[in-house]
Amino acid sequence: MNKNSDKVTGKIDNAPQRSLFKALGLTDQELEDPLIGIANSFSELIPGHSDLKKVAAAVKAGVRRAGGTPLEFGTIGVCDGIAMGHEGMHFSLASRELIADSVESVARAHALDALVLIPNCDKVVPGMIMAALRLNIPALVISGGPMMAGQHGSENIDLKTVFEGVAAVKAGKMTEEELSTIENSACPGCGSCAGMFTANSMNCLTEVLGLGLPGNGTIPAVEAARLRLAKKAGQQIVRLFKEDLKPRDIVKEESFINALKVDMALGCSTNTALHLPAIAHEANVDLEIELINEIKEQIPHLCSLSPAGEHHIQDLHRAGGIPAVMKILQQNDLLADEVMTVTGQKLRENLLGVKVADRQVIRDFTTAYHATGGLAVLKGNIAPQGAVVKQAAVAEEMLVHEGPARVFNSEEEAVAAIHAGKINSGDVIVIKYEGPKGGPGMREMLSPTSAIAGVGLDKEVALLTDGRFSGASRGASIGHISPEAMAGGPLAVVEENDLIKIDIPAEKLAVDISAEELQQRMKSWQKPGAKVESSYLRRYASMVSSAAKGAILEV
């Protein structure tokens, strides 16, 4: 059996490297076995990562049982909830590239034979998957699992409830005492926040891509089943090594189409429209975001999870999880089920015997929550390359809307105006210069969307931005407008009180001015200076692509 690690352990010339490995306590036998890297994003800063030492220990036990040598190393992670609303959010999306690069660096520098990737939150999941596809050595993902929902009286709550509560207090609709009670119970323990937010969206889609074992996306972090799955992952990675089954053998164009279809059924975070193209880029697959509109017409919205609905990830798991959602698509001949997965079997084989346990949580095509899928791409004169909206989280009365633009050059300006009561029913909030280059880092806008919901305007006010939205956002929140304002996109010249026309069913977004007027404004536009002084962000801004391409780094 050829081992990549023979480069550092296999020859007489490798005596110095073996000596260093032995300094770690490794025996000759362990150096003869495959070296399995365990990329662990454990952190004491992030609830979703705080329990990952236990997950890693279970993975390592599985690796040893199967005859491999596990070697753990760390990666960084950013908690978007903690980074939200201040300069920290500039670094969140940018951290995806650091994570991918760091995993690649360690794996190549130490000639690892295979990888088990242990992420849990937002940018960490796609960053690790990007590295796996770039390296193309046997790899699989085992996440830390979702957080349980909190309780407030008889109501299930989550982090979204706290963000919206802040605005409710400022608007006089909630007392500080009630907010304190919600704050203390919304996030009851470890795991990625309980709704179909970005972390859970990506962990679920990891299963669909074939890189995670069944249950990866939905088994709660606090359940022993999560540790059992981690042990299985440790055993399975050794089998994948022995069979030489690599990520690019598994993840094909059909895998991404499957992921988009499940995305539509689940109503995932709009951030999947950034991460799936970036992952596809590493797999040498060209994934155009326009596919979202084609696929959403085929796939109804089957699961209504927080922030749009009342259910949480624990309910989805109880109902059968991602295999049950895929089973429904398969039964309707809408799933490419001949693709390979990290189980070592084709997807078709994985779905044998799978059933839906709760038809209210996972509905079928005849009883779907919405006739079309959860996301939509809009285009028009202010979004020539597209904009993305989570239409499953938009109130019916806001699907078609016209209103005056209320223009801001930063998230902070917009939030201040909302809290000051300066936004009126019917307004369209426009936030410029928050894209990948302009932010820089394409900040999430959970603070303004929560503020809008908290003051009771989420069914009356829309928000447009070249930034992006948290998976916890709801309402007519339209992001990823491309090209972005900082790159000279038309959004840059939208002015106060311009009439904005939104038609989500027709996939249209426009400002009501003539082509001549738009062209004249563009001629007089002047690029603003950078908002943030950071050498890393300056480098990032100089290389990052449009959101329409997944905000990848172009070199």
Side-chain angles (χ1 to χ4, degrees), residues 141 146 196 200-219 225 229 250-269 272-273 276 280 285 287 291-306 308-376 390-393:
V141 177
M196 188 53 77
N200 290 326
S201 295
M202 291 309 303
N203 280 325
C204 289
L205 296 186
T206 299
E207 282 190 50
V208 187
L209 290 172
L211 292 177
L213 296 174
N216 175 73
T218 59
I219 296 174
L229 189 70
I250 293 169
V251 182
K252 304 292 186 180
E253 183 176 0
E254 296 87 347
S255 310
F256 288 103
I257 301 300
N258 283 345
L260 283 173
K261 288 178 177 179
V262 173
D263 191 333
M264 296 303 110
L266 293 174
C268 288
S269 163
T272 60
L276 287 176
V285 172
L287 189 69
L291 271 173
I292 288 173
N293 287 343
E294 178 183 329
I295 291 172
K296 76 179 176 67
E297 296 301 323
Q298 304 172 23
I299 310 295
H301 181 211
L302 304 179
C303 302
S304 187
L305 304 168
S306 177
E310 63 181 14
H311 297 130
H312 289 82
I313 303 299
Q314 66 206 52
D315 302 311
L316 177 60
H317 180 63
R318 175 177 51 80
I322 302 307
V325 176
M326 289 194 286
K327 186 71 173 182
I328 293 177
L329 300 187
Q330 182 192 46
Q331 289 170 340
N332 286 273
D333 296 322
L334 287 166
L335 196 73
D337 59 6
E338 290 298 313
V339 291
M340 186 58 69
T341 73
V342 289
T343 65
Q345 296 180 313
K346 293 181 178 179
L347 181 56
R348 169 179 48 79
E349 298 171 281
N350 292 348
L351 297 180
L352 291 173
V354 170
K355 296 180 180 179
V356 177
D358 188 330
R359 289 284 180 177
Q360 186 58 29
V361 178
I362 305 174
R363 296 189 176 184
D364 58 30
F365 277 38
T366 60
T367 60
Y369 287 96
H370 299 96
T372 56
L375 299 183
K390 187 173 183 176
Q391 66 177 19

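Using a 4.5 Å cut-off on side-chain heavy atoms (C-beta onward), C268 and M202 make no contact. By the 4.5 Å heavy-atom criterion applied to side chains, D358 and D315 are not counted as neighbours. Two residues are said to be in side-chain contact when any heavy atoms from C-beta on lie closer than 4.5 Å; Q314 and H317 fail this criterion. Side-chain contact between V354 and M326 is absent, with no heavy-atom pair separated by less than 4.5 Å. The side-chain heavy atoms of L316 and N200, taken from C-beta on, include no pair separated by under 4.5 Å.
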Inset, instruction - Walk me through it: do F256 and L205 pass the test side-chain contact (heavy atoms from CB on, under 4.5 Å)? - result: CA-CA 9 Å; F256 288 103; L205 296 186; over 6 Å; no

Inset, instruction - Before giving the answer on side-chain contact (heavy atoms from CB on, under 4.5 Å), spell out for L266 and I322 the whole-Å C-alpha distance, their side-chain angles and the decisive distance to 0.1 Å. - result: CA-CA 9 Å; L266 293 174; I322 302 307; 3.9 Å; yes

Inset, instruction - Could you walk me through whether M264 and I292 pass side-chain contact (heavy atoms from CB on, under 4.5 Å), step by step? - result: CA-CA 8 Å; M264 296 303 110; I292 288 173; 3.9 Å; yes

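S201 contributes a side-chain N or O that, together with a main-chain N or O of S269, makes up a donor-acceptor pair within less than 3.5 Å.
In terms of heavy-atom proximity, P146 sits nearest to I313 at CG-CG2, 3.5 Å. Minimum heavy-atom separation, L347 to A336: CD2-O, 3.9 Å.
Within 6.0 Å of atom CD in Q330, more than 12 heavy atoms from other residues, nucleotides or ligands are found, so the atom counts as buried in its surroundings.
The distance from the CG atom of D263 to the CG atom of N258 is 12.0 Å, given to the nearest 0.5 Å. Note: L375 CG to T272 OG1 = 5.0 Å, rounded to the nearest 0.5 Å.
Remark: T343 engages L213, P214, T341, Q345, N350 in a side chain to side chain contact (heavy atoms under 4.5 Å, CB included) (not counting sequence neighbours).
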Tabulate below the donor-acceptor pairs under 3.5 Å that side-chain atoms of residues 298-306 make, not counting sequence neighbours, or state none.
{"unit_1": "H301", "atom_1": "ND1", "unit_2": "H370", "atom_2": "ND1", "d": "2.8"}
{"unit_1": "H301", "atom_1": "NE2", "unit_2": "C303", "atom_2": "O", "d": "2.6"}
{"unit_1": "S306", "atom_1": "OG", "unit_2": "D158", "atom_2": "OD2", "d": "2.6"}

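Using a 3.5 Å distance cut-off with no hydrogens or angles, the side chains of D364 and T367 do pair a donor with an acceptor.
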